[in-house]
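Residues take their numbers from the sequence shown, with the count starting at 1.
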Amino acid sequence: GTSLTPTRIIYFDDGSHSQDVATIRPAEKRASYAEAFRAYPGIERNSFQFSGPLTFEQAVWWANLHVKAVAAGTGAGADKTWTFSPSLTTDDLKSATLQFGYADSIGATLPAWEVPGCLGEELTIDWAKDETVKFASSLMTHKGATQLSAFTGSLSDVVTIDAPGTGT
């Protein structure tokens, strides 16, 4: 749940953010038909939905949030094997800090947002022969969103390769 500097750009076709803040209304007896006279902000919950083609470069990152945390693959060079063996006795999933905005050059008049502690809620991977593999991910956090006037870290676009659905 700690805010960290982002380490990657997330690539997706469709994405959405939902922010819900509960309202706490204490019940009061004041000889009135009005049920409550005071209201306080309650727990804030931020949810994210992402979907699109699954790329080889991001498949491990999504699995770290949804299946099991794996620090490094085994094997030499680019030919790595990643083993995700969930355990009932270990709670070792990773969380993510997301920074997002509507423009690359944000500022005081065009702010962005940061939300730490995002956990994987649901991951769907769809294979169809002669199409690219598709993913859909739901993330959620109980942490509040913080306004940013500058993105942290210096990330750049990377070349991604979609996972093909051939041979399935």
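Side-chain contact between Leu139 and His66: present, with at least one pair of heavy atoms (C-beta onward) separated by less than 4.5 Å. The shortest side-chain heavy-atom distance between Thr124 and Asp126 falls under the 4.5 Å cut-off. Proximity of Trp61 to Ile10: side-chain heavy atoms (C-beta onward) are separated by under 4.5 Å at one or more points. Residues Lys134 and Leu54 have side chains not in contact (no heavy-atom distance under 4.5 Å, counting atoms from C-beta outward).
Nearest approach of Pro6 to Thr97, heavy atoms of both residues: CG-O, 4.4 Å. Scanning all heavy atoms of the two residues, the minimum distance from Ile106 to Ala112 falls at CD1-CB, 3.3 Å. Contact between Leu4 and Glu114 at its shortest, heavy atoms only, is O-OE1, 4.5 Å. Nearest heavy atoms, Leu65 versus Cys118: CD2-O, 3.9 Å. The minimum heavy-atom distance linking Val115 with Ala145 is given by the pair CG2-CB, 3.7 Å. Of all heavy-atom pairs between Val133 and Pro164, the closest is CG2-O, 3.7 Å.
Arg8 contributes atom CZ, which lies 9.5 Å from atom CG of Leu155 (distance to the nearest 0.5 angstrom). A distance of 11.0 Å separates OG1 in Thr141 from CD in Glu121, rounded to the nearest 0.5 Å. Here the straight-line distance linking atom CG of Asn64 with atom NZ of Lys94 works out to 5.5 Å at 0.5 Å rounding.
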- Stepwise, does the side chain to side chain contact (heavy atoms under 4.5 Å, CB included) test hold for Glu44 with Gln19? CA-CA 7 Å; Glu44 179 178 340; Gln19 183 181 47; 2.6 Å; yes

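Side-chain atoms of Ser138 and Gln49 include a donor-acceptor pair closer than 3.5 Å. Looking at Glu122 and Ser137, their side chains never bring a donor and an acceptor atom within 3.5 Å of each other.
A distance-only check finds a donor-acceptor pair linking the side chain of Glu57 to the backbone of Ile161 [under 3.5 Å]. The backbone N or O of Lys143 lies less than 3.5 Å from a partner atom in the side chain of Asn46, making a donor-acceptor pair. Listed for the Ser3 side chain is no donor-acceptor partner under 3.5 Å among the backbone atoms of Pro116.
Under the 30°/60° scheme for interplanar angles, the aromatic rings of Phe48 and His17 are found to lie parallel.
No chain of hydrophobic side-chain contacts below 4.5 Å, direct or via other Ile, Leu, Val, Met, Phe, Trp or Tyr residues, connects Leu98 to Met140. Cluster membership check: Leu123 does not share its hydrophobic cluster with Tyr11, using side-chain heavy-atom separations under 4.5 Å among Ile, Leu, Val, Met, Phe, Trp and Tyr. Residues Trp113 and Phe50 fall within the same hydrophobic cluster, defined by Ile, Leu, Val, Met, Phe, Trp and Tyr side chains chained together at heavy-atom separations under 4.5 Å. Placement of Ile9 and Val158 within a single hydrophobic cluster is found when ILVMFWY residues are connected by side-chain heavy-atom separations under 4.5 Å, directly or transitively. When the side chains of ILVMFWY residues are joined at heavy-atom separations under 4.5 Å, either directly or via intervening members, Val67 and Leu119 end up in two distinct hydrophobic clusters.
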